[in-house]
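Below is one structure, written out as structure tokens; the observations come after it.
This chain uses plain numbering: 1 for the first residue, then up along the sequence. Only a predicted model underlies this, so the values are computations on that prediction, with no experimental measurement involved. Computed over heavy atoms, backbone and side chain alike; hydrogens, waters and symmetry mates excluded.
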Amino acid sequence: MPLVPVSALWMLSLVALAQGDSMENSFVVRAGTRFTSRSYTSMLSVPNGERFGLWSWPEMCPENFFAVGFSLRVEPNQYAGDDTALNGIRLFCSQNGDRSFLYTVESNSGYFGDWTDPQWCPSGVLTSFQLRVEPHQGMFGDDTAANNIKFRCSSNPTLEGQGMSWGEYGYWSTECTEGGICGIQTKMEPYQGALDDSSLNDVRFHCCSNSQQ
């Protein structure tokens, strides 16, 4: 039996936990920046992202792969401590609906919290999103910026992440008109040490077309 990297084994167990026996043979690989040369047709964005941080590197699913599910890195309520809420978004990419072999993309993620169980389109691919954001809390407030996200699937269901509840959802993005979401780029505030951390502030997603297959 070939050796599997520890990170891949961790992701494999995570997927199996979420999907039960039907996903027990799934193999999951982190795509990283290996496929950033993939062509895309449009970029999805929303107007309510927050101001802190800079846009990080993009990560793309491989050619012919599209996002079919996602997981969030979320820090729970810290009460008297510094809250950061949403720290990362990880997409799971499959080819032609076959979830036995998956790639993940997440761009840059923050330091705080744990990854939630993946959520999946029952069929089809992710096509649009809506971001829950807490606005800037002023000089002496505790900024959390992005708190949660919703995705629409091409098969129509809406999936809401297991994020935090501060702030409000803004407008839905436009939709990928052909194909689906195939890449991600996050806007992250770097670690602030003893100062106020907000972590993930904004995100945008790439659309790729089925015509490229």
Subject >> Any donor-acceptor pair under 3.5 Å from S128 side chain to T174 backbone >> reply: no
**OP:** May I ask you to decide if N108's main-chain N or O and T186's side chain share a donor-acceptor pair within less than 3.5 Å?
**Re:** yes
**OP:** Decide, based on the SG atoms alone, whether C182 and C207 are under 2.5 Å apart.
**Re:** no
Original post:
Nearest heavy-atom pair of G180 and V125: which atoms, and what distance?
Top reply: CA-CG2, 3.8 Å
Subject >> Rounded distance (nearest 0.5 Å) linking atom CZ of F151 with atom CG of L131 >> reply: 9.0 Å
Original post:
Would you say N77 has more than 12 foreign heavy atoms packed within less than 6.0 Å of its CG?
Top reply: yes
Original post:
Is E168 atom CD crowded by more than 12 heavy atoms from other residues, nucleotides or ligands, each under 6.0 Å away?
Top reply: no
Original post:
Do Q95 side-chain atoms and N64 backbone N/O form a donor-acceptor pair below 3.5 Å?
Top reply: no
Subject >> Exercise: identify the closest heavy-atom pair between G113 and R73 >> reply: O-NE, 3.1 Å
**OP:** Using a 4.5 Å cut-off on heavy atoms from C-beta on, say whether the side chain of R99 contacts that of V68.
**Re:** yes
Original post:
Do side-chain atoms of Q119 reach the backbone of E160 as a donor and acceptor pair under 3.5 angstrom?
Top reply: yes
Original post:
Atom CE in M164, atom CG in L72: separation rounded to 0.5 Å?
Top reply: 12.0 Å
**OP:** Kindly check if the number of other-residue, nucleotide or ligand heavy atoms within 6.0 Å of CG (D98) is above 12?
**Re:** yes
Subject >> Separation of D114 CG from E75 CD (nearest 0.5 Å) >> reply: 9.5 Å
Original post:
Going hydrophobic residue to hydrophobic residue with side-chain gaps under 4.5 angstrom, can you get from F27 over to F35?
Top reply: yes
Original post:
Hey, quick one: are I89 and L159 part of the same hydrophobic cluster, counting side-chain heavy atoms closer than 4.5 Å, chains of contacts allowed?
Top reply: yes
Original post:
Can you tell me how far the CE atom of M60 sits from the OG atom of S107, to the nearest 0.5 Å?
Top reply: 11.5 Å
Original post:
Which distance, rounded to the nearest 0.5 Å, do you find between the CD of Q130 and the CZ of R152?
Top reply: 7.5 Å
Original post:
side chain to side chain contact (heavy atoms under 4.5 Å, CB included) between F66 and N210: does it pass, once the steps are laid out?
Top reply: CA-CA 9 Å; F66 294 88; N210 279 319; 3.8 Å; yes
**OP:** For N87 and A85, indicate whether the former's side chain and the latter's backbone hold a donor-acceptor pair under 3.5 Å.
**Re:** yes
**OP:** For residues C121 and L126, report the shortest heavy-atom separation together with the two atoms involved.
**Re:** SG-CD2, 3.4 Å
**OP:** Kindly say whether K187 contributes a backbone atom to a donor-acceptor pair with the side chain of N201 at under 3.5 angstrom?
**Re:** no
Original post:
Aromatic rings W120 and F92: how do their planes relate, parallel, tilted or perpendicular, breaks at 30° and 60°?
Top reply: tilted
Original post:
Would the Y103 and F101 ring centres measure less than 6.0 Å apart?
Top reply: yes
**OP:** Compare every heavy atom of A145 with every heavy atom of E50, then report the nearest pair and how far apart it is.
**Re:** CB-CB, 3.9 Å
Original post:
What distance separates F70 CZ from R90 CZ, expressed to the nearest 0.5 Å?
Top reply: 13.0 Å
Subject >> Any side-chain heavy-atom pair of N148 and Y169 under 4.5 Å >> reply: yes
Original post:
How far apart are the closest heavy atoms of C176 and L44, and which atoms are they?
Top reply: SG-CD1, 3.8 Å
Original post:
Do any N or O atoms from the side chain of N147 and from the backbone of W166 form a donor-acceptor pair under 3.5 angstrom?
Top reply: yes
**OP:** Go through L102 and S94 one step at a time and tell me if the side chain to side chain contact (heavy atoms under 4.5 Å, CB included) criterion holds.
**Re:** CA-CA 5 Å; L102 299 164; S94 78; 3.6 Å; yes
Original post:
Is V74 reachable from F52 through a run of hydrophobic residues whose side-chain heavy atoms are each under 4.5 Å from the next?
Top reply: no
Original post:
If Ile, Leu, Val, Met, Phe, Trp and Tyr residues are connected whenever their side-chain heavy atoms lie under 4.5 Å apart, and connections chain through other members, are I149 and V133 in the same group?
Top reply: yes
Original post:
What do the steps show when you test R34 against V29 for side chain to side chain contact (heavy atoms under 4.5 Å, CB included), and what is the final call?
Top reply: CA-CA 12 Å; R34 284 181 289 165; V29 178; 3.5 Å; yes
**OP:** Return yes if some donor-acceptor pair links the side-chain N/O of E63 with the main-chain N/O of R38 below 3.5 Å, else return no.
**Re:** no
Original post:
Could you walk me through whether W55 and D202 pass the side chain to side chain contact (heavy atoms under 4.5 Å, CB included) check?
Top reply: CA-CA 8 Å; W55 287 103; D202 202 356; 3.7 Å; yes
**OP:** Please report the shortest heavy-atom distance between Y171 and P47, naming the atom on each side.
**Re:** CD1-CG, 4.2 Å
Original post:
Cluster question for you: counting only ILVMFWY and a side-chain heavy-atom cut-off of under 4.5 Å, with indirect links fine, are F205 and W172 together?
Top reply: no
